[in-house]
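Everything on this sheet refers to the single structure shown next.
Values reported hereafter were calculated over all heavy atoms of this structure, with side chains retained and with hydrogens, waters and symmetry mates removed. All residue numbers in this chain count up from 1 along the given sequence.
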Amino acid sequence: MTLQLFVAIVEEQSIAKAAEKKNIAASAVSRRISDIEHLFKVELLRRHSKEIAPTPAGFALLEHARVILGNLSKARDRIDGISAGQAWVDPGLPTSL
């Protein structure tokens, strides 16, 4: 969820707009971003008067966040398919013995 919020902030260039988009209080969004900045010990977003822009570290996180979120979406789709009874073959297993 925090990565989704981070991507939304960068895309919207605003914590308030991202919070509204995700239906979360802006203060909670700010707190989560502050938490990940403390975790990585680096500023991820530059806060200007009414605009927010990613720092170089923020751009790096954005790139990886999009990949991670894409992979999570693919995993969710695969799990949903398995739950719905769709066949799934492990690509690492031989198809014949």
Side-chain angles (χ1 to χ4, degrees):
M1 180 80 156
T2 300
L3 288 178
Q4 291 172 329
L5 289 173
F6 180 77
V7 172
I9 291 167
V10 173
E11 289 174 350
E12 298 292 331
Q13 298 180 341
S14 165
I15 288 177
K17 288 179 185 176
E20 184 177 327
K21 182 178 180 180
K22 297 294 184 180
N23 200 30
I24 300 173
S27 60
V29 173
S30 292
R31 206 167 322 120
R32 287 198 181 169
I33 297 306
S34 179
D35 288 346
I36 61 172
E37 287 178 326
H38 284 100
L39 175 70
F40 290 119
K41 295 177 176 60
V42 65
E43 183 182 43
L44 297 169
L45 299 169
R46 286 234 165 74
R47 291 132 176 107
H48 303 289
S49 58
K50 291 203 176 214
E51 188 178 288
I52 291 184
T55 63
F59 275 114
L61 179 60
L62 179 64
E63 178 183 346
H64 289 283
R66 287 181 170 151
V67 171
I68 291 165
L69 293 171
N71 286 338
L72 282 173
S73 179
K74 289 176 188 175
R76 186 178 309 115
D77 290 346
R78 180 174 280 179
I79 291 165
D80 289 347
I82 292 168
S83 296
Q86 295 174 0
W88 178 72
V89 176
D90 185 336
L93 295 177
T95 56
S96 63
L97 296 173

- Query: Going through the distances and angles, do Leu72 and Leu3 end up as a side-chain contact (heavy atoms from CB on, under 4.5 Å)?
  - Reply: CA-CA 11 Å; Leu72 282 173; Leu3 288 178; over 6 Å; no

- Task: Check the pair Glu37, Val42 against side-chain contact (heavy atoms from CB on, under 4.5 Å), reporting the backbone distance first and the verdict last.
- Result: CA-CA 5 Å; Glu37 287 178 326; Val42 65; over 6 Å; no

Expected list for residues 23-36: side-chain donor-acceptor pairs under 3.5 angstrom, two or more places apart:
unit_1: Ser30; atom_1: OG; unit_2: Ala26; atom_2: O; d: 3.3
unit_1: Ser34; atom_1: OG; unit_2: His38; atom_2: ND1; d: 3.4

Would you tabulate the side-chain donor-acceptor contacts of residues 8-21 under 3.5 Å, counting partners in other chains and residues two or more places apart, or write 'none'?
unit_1: Glu11; atom_1: OE2; unit_2: Arg66; atom_2: NH2; d: 3.4
unit_1: Ser14; atom_1: OG; unit_2: Ala16; atom_2: N; d: 3.3
unit_1: Ser14; atom_1: OG; unit_2: Lys17; atom_2: N; d: 3.0

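There is no path of hydrophobic side-chain contacts, each under 4.5 Å, that joins Ile79 to Ile68.
What you find for Phe6 and Leu44 is that their closest heavy atoms are CE1-CB, 3.9 Å.
In this structure, the side chains of Arg47 and Leu45 come closer than 4.5 Å at one or more pairs of heavy atoms. Put simply, the side chain of Val67 does not reach to within 4.5 Å of the side chain of Leu69, judged on heavy atoms.
To the nearest 0.5 Å, atom NE2 of residue His48 and atom CD1 of residue Ile52 are 9.0 Å apart.
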